[in-house]
Amino acid sequence: MPLQVIVGAQWGDEGKGRIVDWFAAQADFSARFNGGDNAGHTVTVGDRIFKLHLVPSGIIHPRIVAILGNGMVVNPGTLFEEMDMLRQAGISVSPERLRISYAAHLITPAHQALDKALEAQRGKGNIGTTGRGIGPAYTDKATRRGLRLADMLAPDFCERVGDHVAEANRTLNMLGASGLDPATVCEQFRQAAIRLKPYIADTTLELHAALQAGKTVLAEGAQGTLLDIDFGTYPFVTSSNTTAPGALTGLGLGLDVARQARVVGVVKAFQTRVGSGPFPTEVFDDLALRLRGTGENPWDEYGTTTGRPRRVGWLDGVLLKYAIRINGMSELAVTKLDILSGFDSLQLCTAYRRDGKLFTDLPFGPADLGRYEPVYEKLPGWLEDVSAVDTWASLPPAAQAYLDRLADLAGVPVRLVSVGPEREQVVSHQ
Ligand code: IMP
């Protein structure tokens with residue numbers, strides 16, 4: 001199918017990077033449509049681990065053209081670090097392979113400073129942002145005073161950066177935080193503009209032409225459904241549309257391409273979350289440690305971007321069903337099944353209870369989850385290590401039953417299952 005959208009069905013960190021990597025083997029374009037360097041997408045190829053925050057994960061495949069779409073917010077410093085890392089790994093990041101929308105917005109050090117100052121002001125009620133300046137950059141976009149990539153080409157760009165820093169300094173002062181030196185930021189961005197100029201393009205035209213020519217475009221979502229600004233656990237969300245329809249607005253694609261799109265929801269075999277906010281199926285103590293890992297392995301549950309330990313819990317089928325509906329997911333890719341090996345039994349949340357009433361749909365979306373108590377179904381676990389399994393039929397029967405129940409709750413099939421961090425450790429189920 002020409003447009004394939006890969007999105008997270010939970011609170012991010014579902015393992016989208018490695019699923020994108022799997023699909024990218026057959027694709028021509030890999031495009032990010034939302035967020036910025038708050039994301040951390042990991043792809044493991046042999047002994048090499050790529051941690052990508054801005055550049056779409058598909059870039060690792062040599063024939064792919066990678067696109068940073070108009071829905072993104074781009075921190076040039078992070079982008080340069082990532083481009084250098086990729087180059088050192090022998091991956092080309094020439095302007096022919098990496099294209100950035102002229103309409104994407106810039107993240108500046110002033111946005112980062114504002115993000116941190118606003119979080120400090122929220123105190124105990126903080127959102128637990130990544131501190132990357134995401135919220136303030138999208139605020140500037142919405143209030144129509146943002147700096148776009150196209151502005152880097154304008155003669156008065158440095159002046160505009162200076163005005164932006166001066167404006168941000170006024171707010172920083174009000175928040176009791178120190179301001180930044182406009183001249184330093186201007187110079188930094190003047191240099192960045194010189195370097196980025198050849199990469200800036202009308203990516204909507206390029207994607208449209210590619211789809212018309214029958215090429216395959218992979219739209220790579222960042223964060224997850226429950227962090228969507230409209231449909232997530234508001235206000236504990238990020239500032240962009242992380243859900244599949246966001247791929248259209250965030251890449252400048254029309255509804256005509258949506259008709260034939262394949263929408264893959266990536267869901268971890270259990271639930272995780274970083275930052276604050278409700279989490280009905282959260283577990284603690286020894287069980288949490290068992291799901292999270294100790295941090296010794298790169299795949300343990302510690303943030304790729306911030307290093308924070310992730311909160312962990314049992315899979316929430318109510319929220320999964322919600323994610324299927326909001327995204328129009330056609331299928332699921334389940335990740336980290338191997339982590340569930342060794343449990344005698346597993347818990348799967350199939351409904352919520354409140355005031356004695358059972359809910360399988362939420363009356364007002366997931367904003368107010370704190371008021372619900374999860375209702376669990378107990379399923380048999382499996383003791384076998386599944387990390388070398390390469391066919392559905394050779395998965396332990398209890399693992400198949402767990403996945404079948406998950407698909408049943410979701411109402412869509414499980415098409416892929418990852419059983420380890422390596423590129424090859426994926427079981428396909430047609
Ligand atoms: P922000 O996107 O940095 O503003 O953070 C808002 C919320 O989204 C916080 O709870 C973050 O922990 C969470 N968040 C942002 N990006 C990611 C991600 O890529 N994975 C998981 N959580 C994220």
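One-based numbering, in listed order, for ligands and for the atoms of each.
Within the 4.0 Å heavy-atom cutoff, A222 does not count among the residues contacting ligand 1. Ligand 1 does not have S239 within reach: every non-hydrogen atom of the residue lies 4.0 Å or more from it.
For W11, every heavy-atom contact with ligand 1 shorter than 4.0 Å involves the backbone, none the side chain. Only the side chain of R308 comes within 4.0 Å of ligand 1, judged by heavy-atom distances.
Considering backbone and side-chain N/O atoms, V237 never comes within less than 3.5 Å of an N/O atom of ligand 1. For the pair G135 and ligand 1, the shortest N or O to N or O distance does not fall below 3.5 Å. Between S276 and ligand 1, a contact under 3.5 Å exists for no N or O pair. Remark: ligand 1 and R132 share no N or O pair separated by less than 3.5 Å (distance only, no angle test). Considering backbone and side-chain N/O atoms, D13 comes within less than 3.5 Å of an N/O atom of ligand 1.
Close contacts of ligand 1 with Q223, meaning ligand atoms under 4.0 Å from a residue heavy atom, involve 15 (C), 16 (N), 17 (C), 18 (C), 19 (O). Listed by atom number, the atoms of ligand 1 under 4.0 Å from G128 heavy atoms are 9 (C), 10 (O), 11 (C), 12 (O).
Tested against P56, the residues L68, V65, I67 include a single side chain to side chain contact (heavy atoms under 4.5 Å, CB included) partner, L68.
In summary, D84 and R195 engage in a salt bridge, as defined by a charged side-chain N under 4.0 Å from a carboxylate O. In this structure, E187 pairs ionically with R190, as a charged nitrogen and a carboxylate oxygen lie closer than 4.0 Å. For R405 and D408, the salt-bridge test passes: some basic side-chain N is under 4.0 Å from an acidic carboxylate O.
Residues in residues 35-56 take part in these salt bridge (Lys or Arg N to Asp or Glu O under 4.0 Å) pairs, two or more places apart or across chains: D37-R132.
D338 contributes no side-chain N or O that, together with a main-chain N or O of D385, makes up a donor-acceptor pair within less than 3.5 Å. Proximity of a side-chain donor or acceptor of S418 to a complementary backbone N or O of V426 within less than 3.5 Å is not detected.
Which of L118, T130, L227 comes nearest to atom 8 (O) of ligand 1 through a heavy atom is settled by distance: it is L227.
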